[in-house]
Amino acid sequence: MFELLARDKYSKARRGRLRTAHGVIDTPVFMPVGTQGSVKAVSPRELRELEAQIVLGNTYHLLVRPGIDVIKHFGGLHRFMNWDGPILTDSGGYQIFSLAKLRKISEEGVEFQNHVDGTPAFISPEIAMEIQTTLGSDIAMVLDECTPYPCKHDYAARSVEMTTRWAKRCKEALQRRKENVQRSTSNAQRSIEEDQQSAIRNPQSAIKRQLLFGIIQGATFDDLRKASAQAIVDLGFDGYAIGGVSVGEPQEEMMRAVESCEPFLPADKPRYAMGLGTPPQMLEMIARGIDMFDCVLPTRLARNGTGFTPTGTINLKNADFALDKSPIEENCACYACSEFSRSYIRHLVKAEEILGLRLITLHNLHFYLDLMKQARTAIEREEFDEFRRGFASKYKARDADLAVTQ
Ligand SMILES: [Zn+2]
């Protein structure tokens with residue numbers, strides 16, 4: 001399922017390949033976020049042209065709108081949004097804890113009212129798995145409690161223990177669902193290629209190959225991160241995510257959280273740092289052994305007129321660009337940079353023309369995806385450390401950009 005192709009000599013950076021029911025993912029990988037079944041302002045065709053390998057779907061948002069029954073009616077999220085590549089769905093937990101109202105957390109699950117019309121709902125580990133098999137994602141995530149920052153040690157400790165019990169229930173629930181599908185299809189001896197073809201035709205067969213990732217919590221406490229990593233790895237998952245990072249903590253704490261977990265993670269499974277990050281943060285995480293990332297930054301910043309460049313972000317609304325004939329980024333191969341000037345894009349953004357935001361989004365996604373491609377090449381050539389240092393020395397991070405991830 002996951003193949004480790006190369007390792008960097010001077011850091012923990014890894015080059016890998018993950019096989020899913022809807023195709024192969026080369027890691028390190030950036031996963032554009034399709035919050036409501038859509039990567040904002042970008043069509044699936046454009047995502048394919050950008051060479052996005054996988055997109056992320058937010059279970060909570062899809063649950064609230066349009067509702068799981070609508071997606072079930074279409075045979076899953078792939079068909080509903082017309083994206084035939086891999087999809088990762090989160091469990092919905094993060095948004096329940098950050099967006100929904102009146103949460104009541106118990107051992108059984110979480111009661112909440114959705115943020116759109118206040119309808120009460122309940123999600124348990126078993127329901128989280130049922131929803132994600134109905135969505136038909138290639139990678140499902142366990143239901144976890146994402147503790148806020150800051151968080152007291154004893155609360156975080158109890159939360160880690162419950163998250164472990166929930167992870168076990170998720171694994172067992174998914175296993176039962178897979179066995180049911182297996183019994184109903186009963187084609188036991190099929191090849192992976194046949195399964196991949198049939199995954200596109202028949203969402204039920206994709207569920208047999210749905211991967212489940214465990215999530216490590218533990219807030220900013222070294223002992224809890226280690227205990228959580230050990231407990232989640234002991235349960236055995238197809239991949240391991242580090243959750244509860246990028247929730248407003250200082251960057252050093254974020255790096256330390258990952259460093260505490262990493263030694264416990266098996267080398268032959270993919271690792272995913274949830275909700276990260278800025279371009280230099282992703283490279284730092286790759287150097288610490290992380291393979292997968294998702295972040296709203298490239299799409300969300302685009303919508304306030306901010307574009308990524310190798311020297312940092314630029315705000316295209318800035319008057320400096322009024323007569324600028326150069327593209328957002330010199331030598332960038334994306335559609336926006338191949339065809340349009342900063343001046344024109346600035347005009348579109350100022351005039352609130354939708355095209356302006358779309359062009360910046362296309363560029364920003366290209367920037368993130370291309371950065372991962374460069375990282376993969378650098379790892380293969382054993383030049384990753386040099387690449388990371390070179391990038392960091394030119395890139396100037398702005399605090400204002402980071403505030404947007406929250
Ligand atoms: Zn570009």
Side-chain angles (χ1 to χ4, degrees), residues 58-60 63 89-115 120-132 140-175 212-237 239-250 252-266 271-276 406:
N58 281 129
T59 295
Y60 170 80
L63 184 66
T89 48
D90 60 12
S91 67
Y94 181 78
Q95 271 85 20
I96 291 171
F97 292 110
S98 59
L99 282 179
K101 300 178 196 96
L102 284 178
R103 299 172 298 263
K104 194 173 154 227
I105 308 164
S106 66
E107 187 67 29
E108 191 47 37
V110 198
E111 281 174 49
F112 62 97
Q113 288 185 304
N114 80 47
H115 69 295
F122 173 74
I123 196 163
S124 65
E126 291 76 16
I127 295 171
M129 288 300 104
E130 187 185 340
I131 295 168
Q132 291 181 83
M141 304 298 300
V142 298
L143 183 68
D144 62 328
E145 183 186 8
C146 180
T147 48
Y149 176 84
C151 174
K152 291 223 162 66
H153 187 279
D154 59 336
Y155 185 90
R158 283 197 305 273
S159 174
V160 158
E161 284 173 12
M162 188 178 72
T163 286
T164 305
R165 291 191 294 272
W166 281 5
K168 184 166 184 279
R169 280 166 60 189
C170 284
K171 187 181 171 180
E172 289 166 356
L174 183 61
Q175 195 52 42
L212 180 62
F213 282 19
I215 305 179
I216 296 158
Q217 288 289 349
T220 48
F221 305 105
D222 193 48
D223 60 324
L224 298 182
R225 284 282 172 190
K226 287 178 175 164
S228 178
Q230 186 67 66
I232 297 295
V233 169
D234 283 348
L235 287 173
F237 289 95
Y240 296 94
I242 299 171
V245 282
S246 197
V247 290
E249 77 281 24
E252 307 80 72
E253 302 258 20
M254 183 199 293
M255 296 295 164
R256 245 196 22 235
V258 171
E259 286 163 10
S260 308
C261 302
E262 193 276 337
F264 295 90
L265 305 178
R271 296 104 172 252
Y272 163 28
M274 301 180 84
L276 287 183
Q406 308 311 319

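For the numbers below, each heavy atom of this structure counts, side chains included, while hydrogens, waters and symmetry mates do not.
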Say you draw a straight line from CG of Asp90 to OG1 of Thr59; how long is it, rounded to the nearest 0.5 Å? 5.0 Å
Can a salt bridge be assigned to the pair Glu262 and Arg225 using a cut-off of 4.0 Å between side-chain N and carboxylate O? no
Taking it one step at a time, do Tyr94 and Asn58 satisfy side-chain contact (heavy atoms from CB on, under 4.5 Å)? CA-CA 9 Å; Tyr94 181 78; Asn58 281 129; over 6 Å; no
Using a 6.0 Å cut-off, check whether atom NZ of Lys101 has over 12 heavy atoms from anything other than its own residue. yes
Report the residue from Lys171, Arg165, Glu172 that forms a side-chain contact (heavy atoms from CB on, under 4.5 Å) with Lys168. Glu172
Are the side chains of Arg158 and Lys152 in touch, meaning some heavy atoms are under 4.5 Å apart? no
If I take atom CD from residue Glu126 and atom CH2 from residue Trp166, how far apart are they, to the nearest 0.5 angstrom? 10.5 Å
Flag side-chain contact, heavy atom, 4.5 Å: Met129 against Leu212: yes
Report yes if the side chains of Thr163 and Ile215 come closer than 4.5 Å at any heavy-atom pair, otherwise no. no
Any non-hydrogen side-chain atom of Phe221 less than 4.5 Å from a side-chain atom of Val160? no
Euclidean distance, Arg169 CZ relative to Glu107 CD, rounded to 0.5 Å: 6.5 Å
Less than 4.5 Å apart, side chain to side chain, heavy atoms only: is that true for Met254 and Ser246? yes
If you apply the rule side-chain contact (heavy atoms from CB on, under 4.5 Å), what do you find for Asp223 with His153, and how did you get there? CA-CA 10 Å; Asp223 60 324; His153 187 279; 2.9 Å; yes
Between Val247 and Phe97, is the side-chain contact (heavy atoms from CB on, under 4.5 Å) condition met? List the steps. CA-CA 12 Å; Val247 290; Phe97 292 110; over 6 Å; no
List the atom of Ser260, the atom of Lys226, and the distance in Å for their closest heavy-atom pair. O-CG, 3.7 Å
Mind checking whether Pro250 and Tyr149 have side chains closer than 4.5 Å, heavy atoms only? yes
Audit row: Val142, Ile232, side-chain contact (heavy atoms from CB on, under 4.5 Å) steps and yes/no: CA-CA 11 Å; Val142 298; Ile232 297 295; over 6 Å; no
Is a side-chain donor or acceptor of Ser91 paired with a backbone partner of Met141 at a separation under 3.5 angstrom? no
How far does CG of Leu224 sit from CD1 of Ile216, to the nearest 0.5 angstrom? 12.5 Å
Glu259 vs Arg256, salt bridge (charged side-chain N to carboxylate O under 4.0 Å, His left out): CA-CA, chis, key distance, verdict: CA-CA 5 Å; Glu259 286 163 10; Arg256 245 196 22 235; over 6 Å; no
Using modelled atom types and a 3.5 Å cut-off, is there a donor and acceptor pairing between side-chain atoms of Gln132 and backbone atoms of Ala128? yes
Gap separating the CD1 atom of Ile123 from the CD1 atom of Ile96, nearest 0.5 angstrom: 4.5 Å
For Phe112 and Tyr60, take the angle between the two ring planes, folded into 0 to 90°, and tell me which bin it lands in: parallel under 30, tilted 30 to 60, perpendicular over 60. tilted
Between the CD atom in Glu253 and the OG1 atom in Thr220, the distance rounded to the nearest 0.5 Å is 5.0 Å
